[in-house]
Amino acid sequence: MASARFRLDEEITFAGKPMRVAGWVQYEDADAQPLTRYLLAEAGSASLILEESGGGFFLLRPFAPGAQPQPAGSTITVMNEKYTLSGVRKLKVLATAGQPPGGMPKAELLVSGLFAGEMGSLLRELPAGASTQVFFSSKRVAADEVLSGEQLSAH
């Protein structure tokens with residue numbers, strides 16, 4: 001198991017804002033590559049979900065429960081924008097700490113579909129054996145927008 005880059009309760013800076021790692025969950029994909037999702041908390045603001053995978057960072061924004069997109073086969077339409085399935089990941093839970101994003105995993109396996117469109121990417125996720133799907137918008141984050149306290153003090 002790969003260790004998470006950021007530790008629980010570590011102070012980091014995201015897009016210039018000081019935040020704290022409130023929890024994380026680490027997965028492994030079918031190629032044994034790690035994927036870590038961090039729950040970032042900022043005093044007085046909503047928490048954020050930051051995914052680290054493939055050497056990069058992605059900001060995940062969940063859709064509200066009442067605003068879940070309705071998939072039609074291998075496409076999803078959101079606000080008249082069409083997204084097409086571009087890949088599926090089977091993610092195995094390896095470890096959690098603190099308050100994992102989305103709460104404690106409900107299954108050992110998570111099926112995650114990636115949909116691409118002109119406006120960006122969406123994720124459609126379903127824990128193994130569950131009937132409820134979760135949707136996220138996904139936006140790549142520049143590496144210099146995510147700094148550990150150690151990296152920030154070195155600047």
Side-chain angles (χ1 to χ4, degrees), residues 1-65 67-69 76 78 83 85-128 130 132-155:
M1 174 178 84
S3 62
R5 177 187 305 245
F6 304 121
R7 296 177 316 278
L8 185 61
D9 292 323
E10 181 176 351
E11 295 286 332
I12 70 166
T13 300
F14 175 72
K17 295 181 203 167
M19 303 194 90
R20 179 182 62 80
V21 176
W24 54 262
V25 60
Q26 189 167 64
Y27 299 97
E28 179 180 82
D29 70 13
D31 296 325
Q33 295 300 307
L35 177 149
T36 307
R37 289 188 181 163
Y38 300 95
L39 181 64
L40 303 181
E42 177 187 20
S45 293
S47 298
L48 300 175
I49 299 173
L50 187 68
E51 178 178 291
E52 181 180 15
S53 63
F57 290 103
F58 301 85
L59 179 61
L60 302 183
R61 291 190 174 114
F63 281 77
Q68 297 290 307
I76 297 175
V78 176
Y83 298 83
L85 183 64
S86 61
V88 176
R89 307 179 291 188
K90 290 183 180 176
L91 304 173
K92 177 182 169 192
V93 176
L94 295 178
T96 63
Q99 302 170 349
M104 287 303 285
K106 294 168 182 51
E108 292 297 311
L109 185 66
L110 177 69
V111 178
S112 178
L114 178 64
F115 291 78
E118 287 186 31
M119 300 298 290
S121 300
L122 300 178
L123 294 176
R124 174 186 180 190
E125 298 190 331
L126 181 67
T132 305
Q133 309 173 76
V134 178
F135 292 85
F136 298 93
S137 66
S138 175
K139 177 185 171 200
R140 181 174 280 281
V141 175
D144 63 354
E145 288 197 66
V146 182
L147 300 172
S148 67
E150 193 175 287
Q151 289 172 312
L152 192 60
S153 64
H155 277 122

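Atoms considered below: every heavy atom in the structure, side chains included; atoms not considered: hydrogens, waters and symmetry mates. Quick caveat: nothing in here was measured; it's all calculated off a predicted structure.
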What orientation do Phe6 and Phe57 show, parallel under 30°, tilted 30 to 60°, or perpendicular over 60°? parallel
Distance-minimising heavy-atom pair for [X] and [Y]:
X      : Y      : answer
Pro100 : Val25  : CB-CB, 4.1 Å
Arg140 : Gly56  : NH1-CA, 4.0 Å
Pro127 : Leu110 : N-CD1, 3.7 Å
Ser112 : Glu125 : OG-OE2, 2.8 Å
Leu39  : Ser47  : CD1-CB, 3.6 Å
Val93  : Ala107 : CG2-O, 3.6 Å

How far does [atom1] of [X] sit from [atom2] of [Y], to the nearest 0.5 angstrom?
X      : Y      : atom1 : atom2 : answer
Phe135 : Leu126 : CZ    : CG    : 9.5 Å
Asp144 : Thr13  : CG    : OG1   : 12.0 Å
Lys139 : Met119 : NZ    : CE    : 11.5 Å
Gln33  : Leu35  : CD    : CG    : 10.5 Å
Glu108 : Leu94  : CD    : CG    : 9.0 Å

Any carboxylate oxygen within less than 4.0 angstrom of a Lys/Arg side-chain nitrogen, looking at Arg37 and Glu51? yes
So, Asp9 and Arg20, do they make that salt bridge, N to O below 4.0 Å? yes
Step-by-step side chain to side chain contact (heavy atoms under 4.5 Å, CB included) determination, Ile12 to Tyr38: CA-CA 11 Å; Ile12 70 166; Tyr38 300 95; over 6 Å; no
Decide yes or no for [X] and [Y]: does some side-chain heavy atom of the first lie under 4.5 Å from some side-chain heavy atom of the second?
X      : Y      : answer
Leu123 : Arg89  : yes
Phe14  : Leu147 : no
Phe58  : Ser53  : yes
Leu122 : Val78  : yes
Arg124 : Phe136 : no
Met104 : Thr96  : yes
Glu11  : Val21  : no
Val146 : Val141 : yes

Just checking Gln68: does its CD atom have more than 12 heavy atoms from other residues, nucleotides or ligands closer to it than 6.0 angstrom? yes
State whether the side chain of [X] and the backbone N or O of [Y] hold a donor-acceptor pair below 3.5 Å, judged by distance alone.
X     : Y      : result
Asp29 : Asp31  : yes
Ser86 : Leu114 : yes
Tyr83 : Glu118 : no

Show your reasoning for whether side chain to side chain contact (heavy atoms under 4.5 Å, CB included) applies to Leu59 and Ile49. CA-CA 6 Å; Leu59 179 61; Ile49 299 173; 5.9 Å; no
Ignoring hydrogens and geometry beyond distance, is a side-chain donor-acceptor pair present between Thr36 and Glu52 at under 3.5 Å? no
